[in-house]
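In what follows, every chain begins at residue 1, and chains take the letters A, B, ... in the order their sequences are listed.
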Protein chains: 2
Amino acid sequence: MSRPLYQQVKSKILHKIASLSANSSIPSERALSLEFEVSRMTVRKAIDELVDEGILYRDKTRGTFVSNKELVRKNTIDDEKENETCHLLYMTHRTFEEIAPILNVPIYEDIMRIVGSRQRAGEIANIDEIYMTSAYYRREVEDIEEVFELIERKKDFRITKTFIPMLIPVQFVNIMNIPMDAPIIMVKSIYRSFSGETILMRKTYYNPFVETIEISN
Amino acid sequence: MSRPLYQQVKSKILHKIASLSANSSIPSERALSLEFEVSRMTVRKAIDELVDEGILYRDKTRGTFVSNKELVRKNTIDDEKENETCHLLYMTHRTFEEIAPILNVPIYEDIMRIVGSRQRAGEIANIDEIYMTSAYYRREVEDIEEVFELIERKKDFRITKTFIPMLIPVQFVNIMNIPMDAPIIMVKSIYRSFSGETILMRKTYYNPFVETIEISN
DNA sequence: TAGTGGTCTAGACCACTGG
DNA sequence: CAGTGGTCTAGACCACTAA
C-alpha cells in the first residue's frame with residue numbers, strides 16, 4: 001500500500017483550511033467523506049490527528065473548527081528546529097562510574113561521551129552531552145552523524161526527561177558566552193527501547209538567552 | 001449511553017494485564033474481540049489509548065506487549081499528585097501593568113492575584129501564582145477552591161508552558177525554606193479556551209529539593 | 001502459511017444543540 | 001427537527017514476520 005488514505009485526507013484538509021481564519025468551521029465529517037470519496041471513519045482518523053496536533057478542535061454538537069495558529073501545539077524540546085546547525089565539540093571514551101549505573105552496565109565498561117552544540121543565528125542555543133556504551137556505538141552506529149540522527153528519532157524510543165535547574169557549568173561559560181552565575185535548565189533524557197533496554201543518556205544545557213523551552217497540550 | 005464500550009474494554013484489559021510481567025504479550029486484537037464480544041475496532045480503540053498512555057506497546061507483526069512499568073508515560077507537571085495539599089497564601093486584586101497585556105485586557109483593568117502553595121510531606125513542593133481578570137473571577141468562579149479546580153482541568157484548555165530558569169525570588173526564600181541563591185525552575189502557563197480567549201496566567205515556582213519535573217513520551 | 005497489527009468500508013444508533 | 005460529533009459493528013484486504 002502506498003501512503004495511507006487517511007494521511008492523504010489529512011493533507012487535503014490541511015490544504016483546505018490553509019486560507020481559513022481562526023475559529024471558522026470546516027465541513028462536517030459526513031460532508032468531507034462524500035467530497036473525498038472515503039468512508040467517514042477515514043475522515044475521522046485524519047481529523048483525530050489534526051485535533052491531536054492542535055490544528056483543529058471539535059465541539060461535540062456544533063462541528064469542527066480551525067484553531068488559532070498561535071494555539072497550535074508546541075514542543076520546543078522535541079520539535080526539530082530550522083536554522084539550526086549541529087557541531088561536534090569533542091568525543092572520548094573511557095569508564096564513567098557515575099554514568100554506568102544509568103546505562104545499566106558494570107562500572108568498568110567503556111562508555112562513549114560525545115559533546116556537541118546547536119547554533120542558531122551564530123549563537124549557541126544549547127550544548128548536548130551524550131553517553132552511550134562503546135559496545136552499542138560499535139554495534140549500531142556508523143559515525144557521529146548517526147548519533148545525532150538517533151537522538152532525533154523520538155518515536156522509536158521511550159524517552160524520559162528530567163528538568164534540572166542549575167548554574168551554568170564553568171566549562172560551558174565560554175562556549176555559551178553567558179555570565180558565569182547564570183541560572184540555566186539542564187534536561188537529562190534517558191532513551192530506552194520499548195522493551196526497556198537503556199540506549200543512551202543525554203544532558204542538554206539550554207542557553208536561556210537564545211532558546212526558551214515551551215510546551216503545550 | 002452509559003460508559004462507552006471501549007472504556008469498559010480498556011478497564012478489562014488493564015485488569016487482565018495487572019499480573020503480567022513486562023514485555024509479555026497480550027492476546028491479539030481478534031482474540032480479545034471474541035473474548036469481550038465486541039468488534040475489533042472497539043478493542044483497537046481501547047488498545048490505542050493504552051499505547052498512548054505508555055502502558056502497552058505494539059509490534060506491527062508480532063503483537064501487543066505490556067510495557068515495563070518504569071516506562072509508563074510520565075508527566076509530573078500535569079499529573080495530579082497524591083499526598084499533596086493545597087494552601088492559599090494570599091490573594092489580592094488591583095491593576096497589574098505587566099500582566100494585563102498577557103491577559104489581553106487594558107492595563108487599568110482589575111486583575112486578581114492568587115498565591116498558593118502545594119505541600120508534600122510537610123515540605124513546600126511548589127508555589128503557584130495565578131492571575132485572572134476580576135471580571136472573569138466574578139463571572140465564572142464561586143470561591144477560591146474553584147480556581148484550584150479550574151487549573152487542573154487540563155483538557156478544557158489550550159495550555160502553553162514556558163520553562164524559565166531563575167534564582168529563587170527573595171519573597172519565597174522563607175516560605176520554601178531553601179537557600180537564597182538556589183537556582184530553580186519557574187513554569188509560566190497560559191490557559192486559553194480553544195477559541196483563543198485567554199483565561200488565566202499562572203507561574204509555578206518549583207522547589208527542586210522536593211519536586212522534580214519529569215516528562216516522557 | 002498462519003497470524004499479527006494497520007487500514008478501510010458502509011452502514012448504524014446515540015446525545016446533544018441550535019434554529 | 002435537522003445536523004453534529006461520538007460510538008459501534010461485521011466484515012475486508014494489506015504487508016510483514018516467525019515458524
Without decimals, in angstroms, what is the distance between [X] [atom1] and [N] [atom2]?
X     : N      : atom1 : atom2 : value
A:E29 : C:dA10 : CD    : C1'   : 15 Å
B:I13 : C:dG5  : CD1   : C1'   : 14 Å
A:K10 : C:dC8  : NZ    : C1'   : 17 Å
B:D48 : D:dC8  : CG    : C1'   : 15 Å
B:L5  : C:dA15 : CG    : P     : 14 Å
B:R3  : D:dC8  : CZ    : P     : 11 Å
B:R30 : D:dG11 : CZ    : P     : 13 Å

Would you please say whether a donor-acceptor pair under 3.5 Å links the side chains of [X] and [Y]?
X      : Y      : answer
B:Y131 : B:R202 : no
A:Y108 : A:E97  : no
A:E211 : A:N126 : yes
B:S11  : B:R3   : yes

*Kindly point out which of D:dT7, C:dG5, D:dG5 is positioned nearest to the side chain of B:P4?*
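That would be D:dT7.
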_Could you measure the distance from the CG atom of B:L150 to the CD1 atom of B:I130? Nearest 0.5 Å is fine._
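It comes to 8.5 Å.
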*Closer to the 5' end of DNA chain C via nearest nucleotide, is it B:I47 or A:Y6?*
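Nearer the 5' end of the strand: B:I47.
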*Those residues that, when tested against B:Y206, pass ring pair (Phe, Tyr, Trp, His ring centres under 6.0 Å) (two or more places apart)*: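 With neighbours one apart ignored, the set is empty.
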*Nucleic acid contacts of residues 54-66 of chain B, taken as heavy-atom distances under 4.0 Å to DNA chain D*: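 When residues 54-66 of chain B is checked for heavy atoms under 4.0 Å from DNA chain D, the hits, listed by number, are B:T61, B:R62.
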*Close approaches to DNA chain D from residues 31-45 of chain B, in residue order (heavy atom, under 4.0 Å)*: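 Here the set is B:V38, B:S39, B:R40, B:M41, B:T42, B:K45.
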*Quickly, which of B:R44, B:K10, B:R73 forms a salt bridge (charged side-chain N to carboxylate O under 4.0 Å, His left out) with B:E49? Name it, please.*
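In the set B:R44, B:K10, B:R73, the residue that makes a salt bridge (charged side-chain N to carboxylate O under 4.0 Å, His left out) with B:E49 is B:K10.
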*Would B:R138 count as a cation-pi partner of B:Y136, with NZ or CZ less than 6.0 Å from the six-membered ring centre and within 45° of the ring normal?*
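No, a cation-pi geometry is absent between B:R138 and B:Y136.
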*Full working for side-chain contact (heavy atoms from CB on, under 4.5 Å) between A:I111 and A:M132*: CA-CA 6 Å; A:I111 291 175; A:M132 63 201 307; over 6 Å; no
